[in-house]
Enquirer: 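Structure provided below as structure tokens; questions to follow.
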Amino acid sequence: MKVQINPELCQGHGRCYDLAPGLFGADDEGYGQVLGDGTVPPGAGHDAELAAANCPEQAVELLEEG
Amino acid sequence: MAVDERFPQDPRDVAEEAEAGVRNEIITGPVSDWATDFSHLEPEWSADPYPIQDDLRQRCPIAHTERFGGAWLPTRYKDVSAIAYDTERFSSRQIIVSNFRSPRDIAPVGEAPPISSDPPFHHDARKLLLGGFTKKEVAKQEPATRAFCHALVDELAGRDVVDAARDYAQHIPVRVIANMLGFPEEDGPQFRVFVEDVLEGINRQPEERQEAFARLDAYLLAQVHDHLDNPRDDLTSFLIDAELYGSKLPPNVVTGAMALLLIAGIDTTWSAIGSSLWHLAKTPADRERLVAEPGLLPTAMEEFLRVYAPVTMARLVRDDMHWRGVDMKADDWILLSFPAANRDPAQFDRPGEVVIDREVNRHAAFGLGIHRCLGSHLARMELRVALEVWLERVPSFTLDNPAAVTWSSGQIRGPRSLPLRIG
């Protein structure tokens, strides 16, 4: 699974980097950024789902690979 | 004395410019029917707006009133979010419902940019401020905020009954924002008067309102001059020196943004802290669980923000239009109730219940779209620290007298008197 952020929708609420700091960070203006290439490591699936489910703008997307 | 030609020495030179615009008749008194005559300034709403909102959502999801010169109240999440996202048809030229429409040509800047701004100016003004309010940046305020919360609790020693709104919650955002703007800490009591003038004095007579705004303008201008004479590392000096489109900011943008940061940061966070403590005082199971499991606080806090969202915004309808079944007129107000959206059963399971371990909580307490609360990271830090310190130091507390709790009036809702029995 991978995570991505739709920059057209992100408004910098920061729920993703609050809830899943291993997967997301913030840029200098507080908008969310995917760390690395967005691959969700084993054990971090729940964090990824929380980030997606709590984003007020629905900007966090989960991509099933394969 | 340092001179900057943008800022006159005499505040009257600023105050005289304003006052074009349209006034309407001020209508007050009991509401006849909330669907056709609502008023968020009447005591019934202040005491408990949620049953009113729940009833409207079922029988008249976009309510109307002739008060305030005409206003609409959507109560469904889908309507509130659609309006928040539609900056073309709904302007932020004024964001506090009142009996006065400022001239249309104050858009796209508005009186307190960027909250009162529309695109395209909004984006550029907001961009200037975003860097000062990131999670990382506001974390620098956390140690001082925590120390201040402890000092406030120290002051309560020896008392059985304390007012958690007056003696604790209100002081925290006042102190934080005074430090960030570089205003004297001892001016705190004055800030609270400004906040009441702007946010609660809606139905006062025009002359009285003008005098109140003139007092705020004069205070801000004095702070600008103090910072021109003694520039320092704070938001006021930052705004004075900031540039947009290759020149320094116009004076109304500097003082308007200062007004926004001062007013918007105080009442809102004070309300969020107070409402959370009110809930915990009357819900021993939740209080005991949070004392035992401090790690749950960030999750619980989001639930308090959802269910007791302190902030309702406003918009002005741009042009006459038929919108989702109602006929809106140009310059009708929209009372944009994020609290009502946050309790819509179409969006949330068990919306009226406080579920402190609610994991999925896509609430709109800080707004949606381009006007997402600039200070949301600051507010969350203050709320978390205020609750952490309180629960650590005062783990046992109950409402001393539920009937003695009083609530603010207007678009920002939270307890203003909250007597708690402690220990």
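The basis for the numbers below is simple: all heavy atoms, side chains too, and nothing from hydrogens, waters or symmetry mates. Bear in mind that the values here come from a model prediction, so they are computed numbers and not experimental data.
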Enquirer: Quick one: what part of A/A59 sits under 4.5 Å from any heavy atom of chain B, side chain, backbone, both or neither?
Expert: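 A/A59 has no heavy atom closer than 4.5 Å to chain B.
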Enquirer: Side chain, backbone, both or neither: which part of A/Q58 has an atom under 4.5 Å from a heavy atom of chain B?
Expert: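 Answer is both: backbone and side chain atoms of A/Q58 are under 4.5 Å from chain B.
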Enquirer: Is B/D286 reaching over with its side chain to a backbone N or O of B/R289, donor-acceptor style, under 3.5 angstrom?
Expert: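 No.
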Enquirer: With a 4.0 Å cut-off, would you call B/K127 and A/E29 a salt bridge?
Expert: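 The answer is yes: the pair qualifies as a salt bridge.
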Enquirer: With a 4.5 angstrom heavy-atom cut-off, is it the side chain or the backbone of B/L129 that approaches chain A, or both, or neither?
Expert: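 No part of it gets close to chain A.
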Enquirer: Please look at B/H371 and chain A and tell me whether the side chain, the backbone, both or neither of the residue comes under 4.5 angstrom of a heavy atom of that chain.
Expert: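 Neither part; nothing is under 4.5 Å.
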Enquirer: Ion pair present between B/R324 and B/D79, side-chain N to carboxylate O less than 4.0 angstrom?
Expert: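 So B/R324 pairs with B/D79 through a salt bridge.
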Enquirer: With a 4.5 angstrom heavy-atom cut-off, is it the side chain or the backbone of A/A26 that approaches chain B, or both, or neither?
Expert: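 For A/A26, no heavy atom lies under 4.5 Å from chain B.
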Enquirer: Taking 4.0 angstrom as the limit, do A/E61 and A/K2 come out as a salt bridge?
Expert: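 Salt bridge absent between A/E61 and A/K2.
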Enquirer: Against chain A, work out which of B/E137, B/R380, B/K136, B/R126 has the most heavy-atom pairs shorter than 4.5 Å and name it.
Expert: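 Answer, by heavy-atom pair count under 4.5 Å with chain A: B/R380.
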Enquirer: Does any backbone or side-chain atom of A/D28 lie under 4.5 Å from a heavy atom of chain B? Answer side chain, backbone, both or neither.
Expert: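 Answer is backbone: N, CA, C or O of A/D28 sit under 4.5 Å from chain B.
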Enquirer: Is any NZ, NE, NH1 or NH2 atom of the basic residue among B/E302 and B/R306 found under 4.0 Å from an Asp or Glu carboxylate oxygen of the other?
Expert: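 A salt bridge is absent here (no side-chain N lies under 4.0 Å from a carboxylate O).
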Enquirer: Is B/Y85 close to chain A through its backbone or its side chain, or both, or neither, when contacts mean heavy atoms under 4.5 Å?
Expert: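 Just the side chain, heavy atoms under 4.5 Å.
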Enquirer: With ring pair (Phe, Tyr, Trp, His ring centres under 6.0 Å) as the criterion, how do B/F133 and B/H377 come out once you've worked through the C-alpha distance, each side chain's angles and the decisive distance to 0.1 Å?
Expert: CA-CA 7 Å; B/F133 289 89; B/H377 299 286; 9.6 Å; no
Enquirer: In terms of heavy-atom proximity below 4.5 Å to chain B, should A/Y17 be classed as side chain, backbone, both, or neither?
Expert: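 Both backbone and side chain.
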Enquirer: Taking the side chain as everything from C-beta on, heavy atoms only, tell me whether B/M180 gets closer than 4.5 Å to B/L378.
Expert: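 Heavy-atom side-chain distance check passes, below 4.5 Å.
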